[in-house]
Amino acid sequence: MAERLAIIDYGSGNLRSAAKALERAAADLGREVAVSVTGDARLVAQADRVVLPGVGAFGQCATALRSIAGMEAALQQAVIEGGRPFLGICVGMQLMARRGLEHGLHQGLGWVPGDVVRLSPNDPRLKVPHMGWNKVAFTEAGRAHPVLARLENDGFAYFVHSYHLEPEEPAHVLARTDYGGPVTAIVGRDNLLGTQFHPEKSQDYGLALLRAFLEWKP
Amino acid sequence: MMLTKRVIPCLDVKDGRVVKGVQFLDLVDAGDPVEQAKVYDAAGADELCFLDITASSDNRGIILDVVRRTAEACFMPLTVGGGVRTADDVRRLLLAGADKVSVNTAAVQRPELVRELAEQFGSQCIVVAIDAKRVNAEGEPDRWEIFTHGGRTPTGIDAIAFARQVVDLGAGEILLTSMDSDGARSGYDLALTRAIADAVSVPVIASGGVGSLDHLVEGVSTGGADAVLAASIFHFGTHTVGEAKQHMAEAGLPVRLQAAPPVRASARVTS
């Protein structure tokens, strides 16, 4: 039976690119993966892998996710209790944090202790949002991670964001980029992975990451 | 290492077909924007831009199909503009697979639209396309005015003031085209590009007038642009996107170079 991958649809932007990129990554691997874009908590609870995308502001996304009956519980069941591989993308990655500080204080899922704070590049000429292609440099923890081990270090990924997650636990930071100072690019612990950049928009580098995620058995 | 400067090939699309002449004769369908998009994707373009110049409102839906098919095949950022007037237009393009939507005439006619779109969809996906033309006489201080309807209609609005206004309203990026340079192949209007880039806090894409790879370099180094857009030098096969980026790298600009040499278009597209 094909593996079931749920991309959570909570009204946050275009999920078509993420779905198509995951389908391409699965096809490249010759794996059968049933990718569904869904707002149905039951499907999320039963999924073998879960992807949480997100575009927009932290608070707005957190509210939208929680407004779906049973969704947070389904995520908890599949990902925290069930240990299924989870990938958060952009604001979906930020939602893994305990708190977000964009337009007020908002509660995240609390899976990665730390806050989501505004970028403050040390060079005033650097514009916020941080938009475009930047290098993803692995930390020591990142180099030891089975998903990142299958990617090139210092590869380029596509970023669009004004805030980033600052984990309290240094081991949760798997990769950083540099934008007038260090910016968190990938976080992870156990079966959880999150990328600030958009793998579905990062051409070969992004597809390589999605392939590695699909083969990940944490 | 810092954020790289982006190279953005632009395709003019009319009734679902690429308008400008092309030399990619080995493509399955050289007039299909999706086939062209795949070539640019394989060549390492940092983003892709579709400008829909379809005149008839009956055919405006065709671009959505183009965007959908592109999003299935190319995993890179995609900006779509041309004829976008309402929040509904933006929503349809985003759902079809566009990452950013550019608004032009509608934003000039009613700047508040920019605020509404930014609030509804987020600043990151709202690009304001500014078509500007120099209006000062020789010897007078530089002044550029906004033109709408593909550069035909003067508005009397100062381009720099307008750029500041739309950024305050929530525009996430400015796509700046010099109507004096567009099509002339003599390079960007660098004074205009620099004036707008210095005036706003969001990224500026320089557009209009690229005839050589040095023009791309100047757009960034002298114009202060964060990204450079070009159409004909890539369409007509004068240069590949890979050559453009290599040239910019040799000039000392931070760009994203592909690790492996670009795959030949025909091999990639027909496989």
Side-chain angles (χ1 to χ4, degrees), chain A residues 11-25 37 54-57 60-61 90-91 121 123-137 152 154-162 177-181 183 197-210, chain B residues 1-8 41-48 67-78 91-100 118-125 127 167 172-173 197-198 200-205 224 226-227 245 254-260 263:
Chain A
S12 171
N14 161 49
L15 306 180
R16 186 178 169 78
S17 304
K20 291 295 168 192
L22 283 156
E23 283 170 4
R24 163 70 74 85
V37 175
V55 169
Q60 183 196 348
C61 285
C90 199
V91 180
D123 180 343
R125 288 170 304 175
L126 294 180
K127 300 179 171 186
V128 175
H130 170 220
M131 182 193 287
W133 295 82
N134 210 334
K135 269 188 184 176
V136 178
E152 64 175 300
D154 287 334
F156 280 103
Y158 186 78
F159 291 82
V160 186
H161 62 123
S162 299
T177 190
D178 177 31
Y179 192 60
V183 171
F197 55 85
H198 287 270
E200 78 282 16
K201 291 289 161 187
S202 296
Q203 291 176 338
D204 291 345
Y205 179 85
L207 290 173
L209 184 142
L210 295 178
Chain B
M1 189 65 200
M2 58 176 289
L3 185 67
T4 54
K5 301 299 177 182
R6 288 169 281 153
V7 175
I8 308 177
D41 187 23
D46 296 311
E47 271 182 51
L48 188 67
V67 171
R68 259 182 232 116
R69 291 192 294 123
T70 304
E72 279 172 22
C74 299
F75 301 103
M76 65 191 301
L78 173 64
R91 196 179 62 86
R92 276 197 290 261
L93 286 166
L94 293 176
L95 288 176
D99 297 285
K100 305 183 223 177
E119 280 176 1
Q120 187 169 347
F121 304 105
S123 289
Q124 83 289 336
C125 64
V127 181
V167 169
E173 199 167 36
D198 286 349
V200 299
S201 58
V202 301
V204 172
I205 305 169
D226 301 278
K245 295 175 84 171
V255 290
R256 179 181 66 113
L257 294 175
Q258 288 190 320
V263 180

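The analysis underlying the following values was restricted to heavy atoms, covering all of them including side chains, and did not include hydrogens, waters or symmetry mates. A, B, ... follow the sequence lines: proteins, then strands. Residue 1 opens every chain.
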Does this structure show an ion pair linking A/Glu200 with A/Arg24, if we count only N-O contacts that are shorter than 4.0 Å? no
Please determine, among B/Arg91, B/Arg68, B/Gln124, the option with the most heavy-atom pairs under 4.5 Å with chain A. B/Arg68
Heavy atoms only, distances under 4.5 angstrom: which of B/Pro203, B/Gly172, B/Gly122, B/Pro77 has the most pairs with chain A? Name it, please. B/Pro77
Check the pair A/Trp133 / A/Phe156 against ring pair (Phe, Tyr, Trp, His ring centres under 6.0 Å), numbers first and verdict last. CA-CA 6 Å; A/Trp133 295 82; A/Phe156 280 103; 7.5 Å; no
Below 4.5 Å from any heavy atom of chain A, which atoms of B/Ala45 appear? Answer side chain, backbone, both or neither. backbone
A/Glu23/A/Lys20 ion pair, N-O < 4.0 Å: yes
Ionic contact status for B/Asp46 with B/Lys245, cut-off 4.0 Å: yes
